[in-house]
Amino acid sequence: MRRIKDASQLSYNRLADKTHYSRSSWERFLNGKQVPTRVAVEEFAAAAGADPEPLLALLELAVVREEAPADEPAARTAERPRPAAGPSASPAPTPGAPEPEQPEQATPVRRFAWSRILRTAAGVLAGALLGSLLTVFLTEPAGAGTTARGSTAGATGSPAAASAQARPSGPVKVGCKSDTCMRREPQAEDCQWDAVTVRQTFLRGMSIQLRYSEACQAVWGRVENGNIGDTVRIMDKRSSSDEATIRMEHDTYTRMLAVTPDATWETITICGAIPSQKEQECSPLGEIKP
């Protein structure tokens, strides 16, 4: 995935704009700190213009390998049989005489350890080779470079232009539109596919963003690089509102509010707050009254 990202000239910020995952989440996924979810892989493929199926196949292999229980060589080591009592038994050692040298018992363990090391090395080499081949097939088709360059060079500030770049190939199928999206999860309704950040402000390094989906005709608030307890809230001109609090890690998002021709996303107010510092930042400037 990191090679596809580099080939398509997508930055972490661009991935966050084109998907429903934050910049910090993509940094963890692409630096091997966390295994991405199936939805994250699908959104990544759509953003990069790549086929998701090979990536999903690799994800399944990674999940299986991560969940496989560790072998215990010690449990598999055969116990050395004890000598039988009777005439054939070894005579008792003479006091003061040196003890007879015992045969080496670690041979089965060593054979098992080397066998496991070789199997692991073969698996790693096979995975690296498969990843290289997939990268070549995914990044080299004719027109791929043009698509990547076009998505970078064609970025503009208008929501319509950004939506066209973020959409996957084919029409965007969403689960709701306008009023039917009220207080629904954007990802559950597939509204993240064409979403763009139409408004952004900052508070002590925390990024406060208003996200807009043209296909769903809805908006939601998102914060990134915050801390547990920080909040984001949105409100429309009809005083409908929704709020979310960071419960873990550094980002979160609200549910959706509807937009209409007479109440576009420009009428939405978004605020981020750091309760521990008793500070709040809103866009447009002002304050959402409770």
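The residues of the chain are indexed from 1 along the displayed sequence. Because the structure is predicted, anything quoted here is derived from the model rather than measured. Computation of the quantities below employed the complete heavy-atom set of this structure, encompassing side-chain atoms and omitting hydrogens, waters and symmetry-equivalent molecules.
Contact check on Arg28 versus Glu249 returns a salt bridge, with a Lys/Arg side-chain nitrogen under 4.0 Å from an Asp/Glu carboxylate oxygen. Ionic pairing of Glu279 and Arg204 is present here: one or more N-O contacts between side-chain nitrogen and carboxylate oxygen are shorter than 4.0 angstrom.
Contact check for Lys173 versus Trp193: no side-chain heavy atoms found under the 4.5 Å cut-off. Looking only at side-chain heavy atoms (C-beta outward), Phe29 and Val41 stay at 4.5 Å or farther from each other. Side chains of Glu189 and Val174 form no contact here, defined as non-hydrogen atoms less than 4.5 Å apart. Between Glu60 and Arg38, the closest side-chain pair of non-hydrogen atoms falls below 4.5 Å. Within the 4.5 Å cutoff, side-chain heavy atoms of Met182 are placed close to those of Ser240. Residues Gln187 and Glu43 meet the side-chain proximity criterion, which asks for heavy atoms closer than 4.5 Å. Between Phe202 and Ile208, every side-chain heavy-atom pair lies at or beyond the 4.5 Å cut-off. Cys282 places a side-chain heavy atom less than 4.5 Å from the side chain of Gln280.
Without hydrogens or angle criteria, Asp17 side chain to Val196 main chain gives no donor-acceptor distance under 3.5 Å. Put simply, the side chain of Asp194 gets close to the backbone of Glu214: a donor and an acceptor are under 3.5 Å apart. Under the 3.5 Å distance criterion, the side-chain polar atoms of Asp6 are left unmatched by any main-chain donor or acceptor of Arg3. In this structure a side-chain-to-backbone donor-acceptor pair under 3.5 Å is missing from His250 to Asn227. In this structure, the side chain of Thr254 does not engage the main chain of Trp220 through any donor-acceptor pair within 3.5 Å. Remark: side-chain polar atoms of Thr231 are not paired, donor with acceptor, to backbone N or O of Ala244 under 3.5 angstrom. Side chain of Arg199 to backbone of Ile268: a donor-acceptor contact under 3.5 angstrom is found. In this structure a side-chain-to-backbone donor-acceptor pair under 3.5 Å is present from Thr180 to Lys177. Not a single donor-acceptor pair under 3.5 Å links the side chain of Asn31 to the backbone N or O of Lys33.
In this pair, Trp26 and Tyr21 present their aromatic rings perpendicular. The plane angle is above 60°, beyond the 30 to 60° band.
Interatomic distance, Arg255 CZ to Glu243 CD, rounded to the nearest 0.5 Å: 11.0 Å. The CZ atom of Arg233 sits 4.0 Å away from atom OG of Ser241, with the distance rounded to the nearest 0.5 Å. A distance of 10.0 Å separates CD1 of Ile4 from CG of Leu30, quoted to the nearest 0.5 Å. Taken to the nearest 0.5 Å, the CG atom of Asp236 stands 11.0 Å off from the OG1 atom of Thr264. With values rounded to the nearest 0.5 angstrom, Ile228 atom CD1 is found 11.5 Å from Ser276 atom OG. To the nearest 0.5 Å, atom CE of residue Met206 and atom CG of residue Asn225 are 9.5 Å apart.
Ser207 and Gln209 form a side-chain donor-acceptor contact under 3.5 Å, judged by distance and modelled atom types alone. Donor-acceptor pairing under 3.5 Å is recorded for the side chains of Ser24 and Asp251. In summary, the side chains of Ser22 and Ser25 do present a donor paired with an acceptor at a separation below 3.5 Å, with no hydrogens or angles considered. A side-chain donor-acceptor contact under 3.5 Å links Gln217 and Tyr212. Side-chain contact check for Ser11 and Arg14: no donor-acceptor pair (N or O, by modelled atom type) lies under 3.5 Å.
Both Ile270 and Val219 are members of a single hydrophobic cluster when ILVMFWY side chains are connected at heavy-atom separations under 4.5 Å. Note: the hydrophobic cluster containing Tyr253 does not contain Ile234 (ILVMFWY, side chain heavy atoms under 4.5 Å, direct or indirect links).
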Between Phe44 and Thr19, does a side chain to side chain contact (heavy atoms under 4.5 Å, CB included) hold up when you go through it step by step? CA-CA 7 Å; Phe44 173 84; Thr19 66; 5.8 Å; no

Determine, step by step, whether Cys191 and Cys181 satisfy the disulfide (SG to SG under 2.5 Å) criterion, reporting the C-alpha distance in whole Å, the side-chain angles of both residues, the deciding distance to 0.1 Å, and the verdict. CA-CA 9 Å; Cys191 297; Cys181 292; 4.5 Å; no

Full working for side chain to side chain contact (heavy atoms under 4.5 Å, CB included) between Ser283 and Leu210: CA-CA 9 Å; Ser283 179; Leu210 182 66; over 6 Å; no

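Residues Cys176 and Met256 come closest through the heavy atom pair SG-CE, 3.8 Å. For Ala48 against Ser8, the heavy-atom pair with the smallest separation is CB-OG, 3.9 Å. Nearest heavy-atom pair across Arg238 and Ala258 is NH2-O, 3.8 Å. For the residue pair Arg222 and Thr197, the shortest heavy atom distance occurs at NH2-OG1, 4.2 Å. A pairwise comparison of heavy atoms in Glu224 and Ala16 identifies OE2-CB, 3.9 Å as the closest pair. Scanning all heavy atoms of the two residues, the minimum distance from Ala47 to Leu10 falls at O-CD1, 3.8 Å.
Seen from the ring of Tyr12, Lys5 counts as a face-on cation partner, given the 6.0 Å and 45° thresholds.
The side-chain contact (heavy atoms from CB on, under 4.5 Å) test with Asp230 singles out one residue from Ile246, Thr245, Val223, Thr252, and that residue is Ile246.
Counting heavy atoms of neighbouring residues, nucleotides and ligands inside a 6.0 Å radius, atom CZ of Arg2 does not exceed 12 of them.
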